[in-house]
2 protein chains.
Amino acid sequence: MVDRSVGTVARLLLALASASVLPAAAAPPRTMAEILAASRPEEWRRLDPDLTVRLELPQGVVLIELDPRFAPRHVDNLRVLIRARYFDGLAITRVQDNFVVQWGDPEAERPEGRRDLGAAEANLPPEFSVPWQAAWPFLRLPDGDGYAARVGFSRSLPVAQSRDRRTAWRIHCYGTVGVGRDTAPDSGNGAELYVVIGHAPRQLDRNVAVVGQVRHGIEHLSALPRGSGALGFFADPRQRIPIRRLVFERDLAPAERLPLEVLDSSSPSFAALIEARRNRRDAWYHQPAGHIDVCNVPLPVRRVDAE
Amino acid sequence: MVDRSVGTVARLLLALASASVLPAAAAPPRTMAEILAASRPEEWRRLDPDLTVRLELPQGVVLIELDPRFAPRHVDNLRVLIRARYFDGLAITRVQDNFVVQWGDPEAERPEGRRDLGAAEANLPPEFSVPWQAAWPFLRLPDGDGYAARVGFSRSLPVAQSRDRRTAWRIHCYGTVGVGRDTAPDSGNGAELYVVIGHAPRQLDRNVAVVGQVRHGIEHLSALPRGSGALGFFADPRQRIPIRRLVFERDLAPAERLPLEVLDSSSPSFAALIEARRNRRDAWYHQPAGHIDVCNVPLPVRRVDAE
């Protein structure tokens, strides 16, 4: 019962060197709820309405934060599509259990029936990884990862770096939003998007352009009925879920917006939260894990109080 | 784009030493579909009707395979409850997004209103890990794992071993079935069960008694509406999902049974499948992952053809 996993000594040394682990005498371990309750206002970052997309479904509202850093041309193209209201009236066409929800134009394969992309590009060069920029914040997770040399968080998003730190890419965790594509690497354009609703499909990392992360309302996607066709596509078109609209928060009246803020991954409270989840001290847990997977770190979001 | 993750050399050596990797000249890489299509009948193991539980919900049928090895007293107690039809008419009381679905007696906390446990024990000693038995099959996954010294598969279930191989426990992956309990380690009895419906909550490993794995119909659990109360409990009792019955396949008329078989994790096809998923060669993938997480290995199940 005291077996320890690979790399514990290295992790302990890293943990002792980090600001997130206080000496036992200084403060008792805290739960996530206690850490969030004690967090300071400046540790939270308000979502930018120019980068926050509202997906309206009959089931409810989903908010997605776009991050252009890891796929700049795809995010630019997606902006053009959203501003042209390309997605309004299209549909969720695929819900594959333990994998993804996907939406777009159900007629995309029929040249005569599909919706015009307007000013958006039909093909984009792949942006499956990008050069790391020194100005980007990075909180490294010392726990190690089987899929990448270095993993951690940047602007409250799970990200990976190459061993030489020169290349970076988004990690596919629950709620990650990517650009569907065909077999050709340049066949994606943003007109078809997917959201992860299962165990992290890390095999997708570095194989698609990742544009964002669900910050609110993912249960309106994850609880959808699964498609009965191959790959979870809906066998009957009537099962598709209509998209009322997909718009930027900026383009809504202020009263319509849902103002959110995320706990910044560079904040002391975020570092404390990782440790609180790595070794749970809640009375219920009798065996702390001593490890945390990058996709098991919560990314806290809260509603901004009325201003 | 050719960055490699930690331990690749070690993994390559292990992979070369394992029977699952054929020299490139001997056979081209195969996809999972090709491997399953080419599998031999004796590589599949029929589920034992004495250990297969049918959960009937309004949404459909869920089949759970119990494995007594990792929590023998809990499985015994659960057998007593199921045989007494304890669960029939009880309800799913909790659906927490990206975590678990849970069911039991909604009145369990009210001594005067709860259903009697009959001949079943109300408290059991914790069975959070067990001594490993030499007779148990084990296919080790060489990819490494942050939570346990050794991980792999036994009877098509994800399991972990201590470094000295003397102790073992079930790993919480998607579809894993465990016994809910209160804070005291001996407070579980099997009358409250949960199923994982999100990213593997490995922090539960070695903290609960794990009794089984969903083998069919998990979408009837994972697509349920999420509970709006704390921890995903249904705030309104009318939102609970009634359990029509929870019975052993053995206790059904043969025509009522749903005969299933699982690909045995000790079979050559299972080893080939792991490699096919570790490094996808499907045309769609341009960057093979070179690694696989224990909870990303599929556990194939198929219906037994009419006899």
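Computed from a predicted structure; not experimentally measured. Throughout, a chain's letter reflects where its sequence line sits, starting with A, and its residues are numbered from 1.
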Practice prompt. Let me see the working for Q161(A) and R140(A) under side chain to side chain donor-acceptor pair (under 3.5 Å), right down to the final yes or no.
Written response: CA-CA 10 Å; Q161(A) 287 180 334; R140(A) 188 177 183 194; over 6 Å; no
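- Between chain A and the residues V95(B), L204(B), D205(B), D293(B), the most heavy-atom pairs under 4.5 angstrom are made by D293(B).
- Contact count against chain B (heavy-atom pairs under 4.5 Å) is highest for R226(A) among R226(A), R280(A), R202(A).
- Ionic pairing of D143(A) and R278(A) is present here: one or more N-O contacts between side-chain nitrogen and carboxylate oxygen are shorter than 4.0 angstrom.
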Item to complete: Would you sort out whether Q287(B) and S129(A) count as a side-chain contact (heavy atoms from CB on, under 4.5 Å), showing the intermediate values?
Response: CA-CA 11 Å; Q287(B) 175 75 50; S129(A) 61; over 6 Å; no
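- Here H286(A) is the residue among R277(A), H220(A), H286(A), Q59(A) with the most heavy-atom pairs under 4.5 Å with chain B.
- When ring centroids are compared, F70(A) and W136(A) come within the 6.0 Å threshold.
- Contacts of R240(A) classified as salt bridge (charged side-chain N to carboxylate O under 4.0 Å, His left out), with partners at least two apart in sequence or in another chain: none.
- When the heavy atoms of residues 172-181 of chain B are compared with those of chain A, the residues falling under 4.5 Å are Y174(B), R181(B), listed by number.
- For A160(A), no part sits under 4.5 Å from any heavy atom of chain B, backbone or side chain.
- In this structure, Y147(A) and V294(A) have side chains that are not in contact, with every pair of non-hydrogen atoms separated by 4.5 Å or more.
- Counting heavy atoms from C-beta outward, Q239(B) and P225(B) have side chains that stay 4.5 Å or more apart.
- Other residues, nucleotides and ligands contribute only 12 or fewer heavy atoms inside 6.0 Å of the CD atom of E109(B).
- Contacts between D282(A) and chain B at a heavy-atom distance below 4.5 Å are absent for every atom of the residue.
- Counted within 6.0 Å of CZ on R166(B), heavy atoms from surrounding residues, nucleotides or ligands total 12 or fewer; the atom is thus considered open.
- When each of C295(A), A283(A), S187(A) is checked for heavy-atom pairs under 4.5 Å with chain B, C295(A) comes out on top.
- Counting heavy-atom pairs closer than 4.5 Å to chain A, the top-ranked of the candidates S222(B), P201(B), G198(B) is S222(B).
- Heavy atoms of V196(B) lying under 4.5 Å from chain A are absent altogether.
- Other residues, nucleotides and ligands contribute only 12 or fewer heavy atoms inside 6.0 Å of the CZ atom of R165(A).
- Interface summary for chain B: among D97(A), N98(A), N296(A), T183(A), the most heavy-atom pairs under 4.5 angstrom belong to N98(A).
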